[in-house]
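See structure below.
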Amino acid sequence: MSTTGATADPLAALGTLPGVPESVESVRKAVDRVYGHRIMRRRSNEITSEAALRGARGSAALSGADWALEEVRRRTDFSGDDEARVMGAALRLTAEAGQLLSIWRQSPLRVLARLHLVAAATQGDEVGRPRQEGESVDEPLVELALPNAAEVSGRLEGLAELIIAGSSAPALVTAAVVHGELLALRPFASHNGLIARTAERIVLVGSGLDPKSICPAEVGHAELGRAAYLAALDGYVSGTPEGMAAWIAHCGRAVELGARESTAVCEALQRGAA
């Protein structure tokens with residue numbers, strides 16, 4: 001996403017693209033419905049914990065570790081093979097996200113570096129910093145052309161400036177742009193998809209749209225499928241108004257499906273308490 005142009009608030013401008021206001025309103029209604037559920041008044045902590053688990057599972061699925069939810073619950077060792085390590089990284093990132101909300105608006109690049117440290121869980125020189133020229137990226141499921149290190153640095157700085165400056169744009173728009181930009185740039189040597197989806201979660205929670213983190217967009221992204229996810233990302237990378245609007249709408253639908261997932265959890269808890 002270009003951060004230059006005539007408007008001082010490019011994120012707000014994206015909020016007016018055709019179809020985006022309708023997506024924003026639909027997301028708001030979906031979130032309000034689950035927050036209004038009677039179970040939320042008594043057992044919101046349980047819903048938050050379950051949403052975190054399901055969100056991590058969904059994010060890992062999009063990065064190649066498509067495990068059944070019960071398998072995620074059962075496992076205690078996530079170091080055995082590549083899929084297990086991906087799942088472990090997703091779980092760690094979900095747990096870490098809530099600790100970084102207060103830092104995000106002041107220092108988003110610091111948060112992203114921290115997320116990479118948490119995801120990688122190694123001591124390599126490439127961990128916790130944007131990649132340098134010539135360094136490879138392990139992100140096989142995203143096959144877009146890879147921006148060079150200089151472009152990554154400039155665009156990350158631009159994204160950080162937008163976040164720190166604040167915007168009148170709806171939370172959905174900001175979250176979608178953060179998510180899309182990180183996937184397009186793949187700024188780290190590994191785990192970029194997991195980090196991008198965690199950053200989307202941080203924006204949605206920190207903005208106040210989903211303050212209890214009970215509407216896991218990662219669940220929706222996984223449910224919509226990898227092909228639709230990558231097709232929508234192509235729209236973002238194109239930079240056209242239609243492509244950007246399609247990506248924002250895709251992210252909005254993912255949040256709605258995450259809200260639906262937590263509504264189903266509320267209903268199950270209510271039946272169990274009846």
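Please read these numbers as outputs of a predicted model, since none were measured by experiment.
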*Would you please name every residue forming a side-chain contact (heavy atoms from CB on, under 4.5 Å) with Ser107, sequence neighbours left out?*
Ile103, Arg110
*Who passes side-chain hydrogen bond (donor to acceptor under 3.5 Å, both in side chains) against Arg92, sequence neighbours left out?*
none
*Mind checking who shares a hydrophobic cluster with Leu117, ILVMFWY linked at side-chain heavy-atom distances under 4.5 Å?*
Val127
*Is the number of heavy atoms from other residues, nucleotides or ligands under 6.0 Å of Gln123 CD greater than 12?*
no
_Results of side-chain contact (heavy atoms from CB on, under 4.5 Å) for Val152 - residues two or more places apart only_ = Arg131, Pro147, Leu156, Leu185, Pro187
_Listed partners of Thr240 passing side-chain contact (heavy atoms from CB on, under 4.5 Å), at least two apart_ = Ser238, Glu242
*Pair listing, salt bridge (Lys or Arg N to Asp or Glu O under 4.0 Å) test, anchored in residues 18-32, at least two apart*: Arg28-Asp32
_Inter- and intrachain pairs under salt bridge (Lys or Arg N to Asp or Glu O under 4.0 Å), touching residues 187-208, at least two apart_ = Arg201-Glu218
*asked:* Applying side-chain hydrogen bond (donor to acceptor under 3.5 Å, both in side chains), can you list everything that pairs with Asp77, at least two apart in sequence or on another chain?
replied: Ser79
_Residues that His250 engages under ring pair (Phe, Tyr, Trp, His ring centres under 6.0 Å), provided they are two or more places apart_ = His221
*Would you confirm whether Arg54, through its side chain, and Ser262, through its main-chain N or O, come within 3.5 Å as a donor-acceptor pair?*
no
*Tell me who clusters with Phe78, hydrophobic residues only, linked when side chains sit under 4.5 Å apart either directly or through other members.*
Leu53, Trp67, Leu69, Val72, Met87, Leu91
*Would you mind listing the cluster partners of Leu224? Hydrophobic ones only (ILVMFWY), side-chain contacts under 4.5 Å, chaining allowed.*
Leu257
_Partners meeting side-chain contact (heavy atoms from CB on, under 4.5 Å) with Ser168 (sequence neighbours left out)_ = Asp9, Ala12
